[in-house]
Amino acid sequence: MTRLSYLLTITPRETLRLARQRLPFFKNSRAWTAKELMSSQKFTRGIRFAEFLMRQEAIARRSMPFPAFDFEGKRVVEVGCGPLGGYGPLAIFRGAASFESAEPEWDASVFEEHEIIEKYLRIFHADLVALYGQRMEFGEFHEALRSKMQVHRCGFEAAPIEGPVDIVLSQSVLEHVFPLEQTVAKLAVIQSAETRFLHLVDFGNHYPTADPFDGLYSVPPEEYIRKRGRAINLLRPPDIARMFEEHSISARVIPSRILLHGAQGAKVPPWSEKYDADALRVQLALVAGPDSDVKRT
Ligand SMILES: C[S@@+](CC[C@H](N)C(=O)[O-])C[C@H]1O[C@@H](n2cnc3c(N)ncnc32)[C@H](O)[C@@H]1O
């Protein structure tokens, strides 16, 4: 898919946002306006984080002991929570003592904006009440977000987050981080052997193509990144498994979507040499732990 055909698949507002981000004049302006966020189908549904968690816990549980997360009194960290705080509101609603994240696109005033409060937080709160019970009124919830959520506007590797933490989460972030090595090194510093973690990684091309691997394996990764920009790092599941292992984090990489009909086209080296066919057909995978079956060094 060319850049032009990609631009034709997104809304005019999103096209304008992408254009604005590339202009030097707007370099330090906020990455998202409330209007842009609230016109995105993806961002307006905060409860999607509860849905992700339930699905991912269930998939992890098929491979390893993986009880549902208990957030009560826990220190929770998310890598790249996104412009609306990702798992933060859910973790706080479910009793987390604190929620910390690092997100380059964060704007601390977001939860004070009328449009975000009315169209996002109130609905997210109502959906959380339906799912987990009336744990707190909306006012109390909003106040808890102010006092218990801390998001650093920088890359995770540079964030002043200290351990040990109880829970680490991320949703479609590890594939966007350059270089991922430093982030995994940071995780190794703030995690203890008891820290529970769950990362969802999306190995597709991030374009709305029928085959999510379309265009990925017909050129070497460096060439793909040079042409398309530093949007996805093109690591595959074995690379991520190795990185966690090298940093002594006992993790299990669990495919959560394997597309046997995908990635059928010709593959150039290093794709054809470095990976087996299975690794190239995993579109989604979980990195879950701690994995008690992995020997700690
Ligand atoms: C696909 S978005 C996912 C956002 C959010 N987790 C969600 O599911 O809505 C990827 C996010 O990774 C963030 N990101 C990229 N590099 C990062 C880094 N080094 N540290 C933390 N976040 C990063 C981007 O700013 C972006 O918000």
- Looking at CD of Glu51 and CG of Leu90, how far apart are the two atoms once the value is rounded to the nearest 0.5 Å? 11.0 Å
Taking the side chain as every heavy atom from C-beta outward, state whether [X] and [Y] have any atom pair closer than 4.5 Å.
{"X": "Arg196", "Y": "Asp166", "value": "no"}
{"X": "Leu187", "Y": "Phe197", "value": "no"}
{"X": "Ile232", "Y": "Tyr224", "value": "yes"}
{"X": "His152", "Y": "Pro160", "value": "yes"}
{"X": "Pro220", "Y": "Pro269", "value": "no"}

- Item | Under-4.0 Å salt bridge between Arg226 and Glu222 | no
- Message: Hydrogens and angles aside, do Thr209 and Asp211 bring a side-chain donor and acceptor to less than 3.5 Å of each other?
- Response: no
- Aromatic ring proximity Phe111/His142, centre distance under 6.0 Å: no
Identify the heavy atoms of [X] and [Y] that sit nearest to each other, and give their distance.
{"X": "Phe138", "Y": "Ile117", "answer": "CZ-CG2, 3.9 Å"}
{"X": "Val219", "Y": "Trp271", "answer": "O-NE1, 2.9 Å"}
{"X": "Arg236", "Y": "Tyr275", "answer": "CB-CE2, 3.4 Å"}
{"X": "Glu115", "Y": "Ala34", "answer": "OE1-CB, 4.2 Å"}

- Query: Do the rings of Phe124 and Phe141 sit parallel, tilted or perpendicular, given the 30° and 60° boundaries?
  - Reply: perpendicular
- Task: Sequence neighbours left out, what pairs pass salt bridge (charged side-chain N to carboxylate O under 4.0 Å, His left out) with at least one residue falling in residues 265-279?
- Result: Asp239-Lys274
- Message: Taking salt bridge (charged side-chain N to carboxylate O under 4.0 Å, His left out) as the cut-off, I'd like each qualifying pair that reaches into residues 138-150, sequence neighbours left out, listed once.
- Response: Glu112-Arg146, Glu143-Arg146
- Query: Do other residues, nucleotides or ligands put more than 12 heavy atoms under 6.0 Å from the CD atom of Gln41?
  - Reply: no
- Message: Taking atom CD as the centre, does Glu137 end up with more than 12 heavy-atom neighbours from other residues, nucleotides or ligands that are less than 6.0 angstrom away?
- Response: no
Donor-acceptor pairs under 3.5 Å, side chain of residues 64-85 to any protein atom, not counting sequence neighbours: which ones?
residue: Asp70; atom: OD1; partner: Glu72; partner atom: N; Å: 3.0
residue: Glu72; atom: OE1; partner: Arg135; partner atom: NH2; Å: 2.7
residue: Lys74; atom: NZ; partner: Asp70; partner atom: O; Å: 3.3
residue: Arg75; atom: NH1; partner: Glu162; partner atom: O; Å: 3.0
residue: Arg75; atom: NH1; partner: Pro164; partner atom: O; Å: 3.4
residue: Arg75; atom: NH2; partner: Glu100; partner atom: OE2; Å: 2.7
residue: Arg75; atom: NH2; partner: Glu162; partner atom: O; Å: 2.7
residue: Glu78; atom: OE1; partner: Tyr87; partner atom: N; Å: 2.7

